[in-house]
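What follows is one structure encoded as structure tokens, with my remarks underneath.
As the structure is a computational prediction, the values presented were derived from the model and not from experiment.
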There are 2 protein chains.
Amino acid sequence: MFRVAMIDDHILMRQSLASVVNAIPGFTVIYEANNGMEFTKWLDPHNLPDLVLMDINMPIMNGHETAQWITAHYPKLKFIAISMLNDERSIIKMLRNGARGYLLKDSEILDFRQALQDVMSKGIYINTILYKHIVGSLQGSQPNEQVEQAILNEIGVREKEFLRWLCTDKSYKEIAAAMYLSPRTVDGYRDMLFEKLKVASRIGLVLFALRNEIAKI
Amino acid sequence: MFRVAMIDDHILMRQSLASVVNAIPGFTVIYEANNGMEFTKWLDPHNLPDLVLMDINMPIMNGHETAQWITAHYPKLKFIAISMLNDERSIIKMLRNGARGYLLKDSEILDFRQALQDVMSKGIYINTILYKHIVGSLQGSQPNEQVEQAILNEIGVREKEFLRWLCTDKSYKEIAAAMYLSPRTVDGYRDMLFEKLKVASRIGLVLFALRNEIAKI
DNA sequence: AAGAAACTGGGTGTTTTAACGGTATTTTTT
DNA sequence: AAAAAATACCGTTAAAACACCCAGTTTCTT
């Protein structure tokens, strides 16, 4: 029997959802809290629940904060976020913070049951909506890949190193020092890259480096 | 009966996989190609397959290119990528290009069947490995979130708009024009943000904006 | 209605970047 | 061993970015 904890400040919502959970074979609600703070105080390392369902909008300690706390303290503790917001930012943030799934409050009960079962059996629950948001957030902008790929091959190792330094809150002078080069030399690298990459400012170089994963954020 | 097309240059691999597909109730292989080019030539708009399984490493037209082509020409055509590479870059790229799933060549046959069934019934197949890569790619690096989170709340909407403009190969003057502001005003925004974000150059602002997804690459 | 907060505009310097137009050395390829 | 890249270096000038000062207006909160 999977033991479920629920966190939601809307008592009616929480209790009705709890009854749904209790009606799923193999699941039982063992605890309810009004917000993340209450939950963290209650949590006993020697007697963890198997699954946590949490609302995102809550007073005192909201879902995002609670998720971060759980991931920091009990990374193996599975939890599912439940929210009214079908908002990409919110979803992505929750997944980043370790959520095993993200359910909208207007989901069908069948999907809800599926989510709980999937999380316990496979470790995650992702439906089509969620998937679209995830892939959407991966996209950002899809640049002229083949064009940039060709240019990439024309960039030397030292230039790549330089590009990485560019993605830093340092001036060219400081970069020169860090690379053990004359300031003039880095000037030359910059000018060369401007030409190769068809940009006119350091920002352009930085964006290129990040897009092509020469440097990471 | 779902009609499946298979693209893979390794004939043995392809044919043995085809027999696995044919053994799944409800699935039948109707076509096999050695590479993406062959497949695109064969494809008949009036008689599309229900599902395409494609290898990524192929001569002439590889999986990534084929995926892009499919997404451009038949966005509703479902396809699953199959590859030896458990490589995040490759996986993410495939998902971006519209793949409904990504299978490793050393998957269990059970998982393989699950993938086909999930894609046809739910539209996607995501297993734990895939999920980790996706979430991993969402993360990049996990900075001092709580620190930056606090700062984020102190940034106004206009400042955020400005931050987005900063992530552009434009000068401040051009940004001012684009935002219908005086150059002095954007100077002020910049100086304010320097102070709030504890950085000393536009690069610092750009990196902050990208890290916190105020702007996208 | 008062005050706070956010948004908008300005002046005056100093420092940094960028554009132009080069040369010299080392490493790799042929 | 010669040719070709890649790497390292330099001077000048104009433009842009940055630092540090200021104040008026709109918008939201109380």
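Contact check on B:Arg14 versus B:Asp9 returns no salt bridge, with no Lys/Arg side-chain nitrogen under 4.0 Å from an Asp/Glu carboxylate oxygen.
A cation-pi arrangement is absent between B:Arg202 and B:Phe194, since the terminal nitrogen or guanidinium carbon is not both under 6.0 Å from the aromatic centre and inside a 45° cone about the axis. The cationic atom of B:Arg190 (NZ for Lys, CZ for Arg) does not lie both less than 6.0 Å from the six-membered ring centre of B:Phe162 and within 45° of the ring axis.
Look at OH on B:Tyr172: it is 8 Å from C1' on D:dC18, rounded to the nearest Å. The CD1-P distance, from A:Ile155 to D:dA5, rounds to 17 Å in whole Å. Between A:Lys170 atom NZ and D:dC18 atom C1' there is a gap of 18 Å when expressed in whole angstrom units. In this structure, A:Arg202 places its CZ atom 14 Å from P of C:dA19, rounding to the nearest Å. When rounded to the nearest whole Å, the span between CD of A:Glu161 and P of D:dA6 equals 16 Å. For the pair A:Phe162 CZ and D:dA6 P, the interatomic distance rounds to 17 Å; values are reported in whole Å. The distance from atom NZ of B:Lys173 to atom P of C:dG9 is 16 Å, rounded to the nearest whole Å.
Ring-plane geometry between B:Trp42 and B:Phe39 is classed as tilted, the angle between the planes lying from 30 to 60 degrees on a 0 to 90 degree scale.
Within a heavy-atom distance below 4.0 Å of DNA chain C, the residues of residues 177-199 of chain A found are A:Arg190, A:Asp191, A:Phe194.
Two residues are said to be in side-chain contact when any heavy atoms from C-beta on lie closer than 4.5 Å; A:Ile82 and A:Asp8 fail this criterion.
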Hey, mind stepping through B:Thr71 and B:Asn97 against side-chain hydrogen bond (donor to acceptor under 3.5 Å, both in side chains) and telling me if it holds?
CA-CA 7 Å; B:Thr71 303; B:Asn97 288 336; over 6 Å; no
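In the set D:dC18, C:dT17, D:dT7, the nucleotide with an atom closest to the side chain of A:Arg158 is D:dT7.
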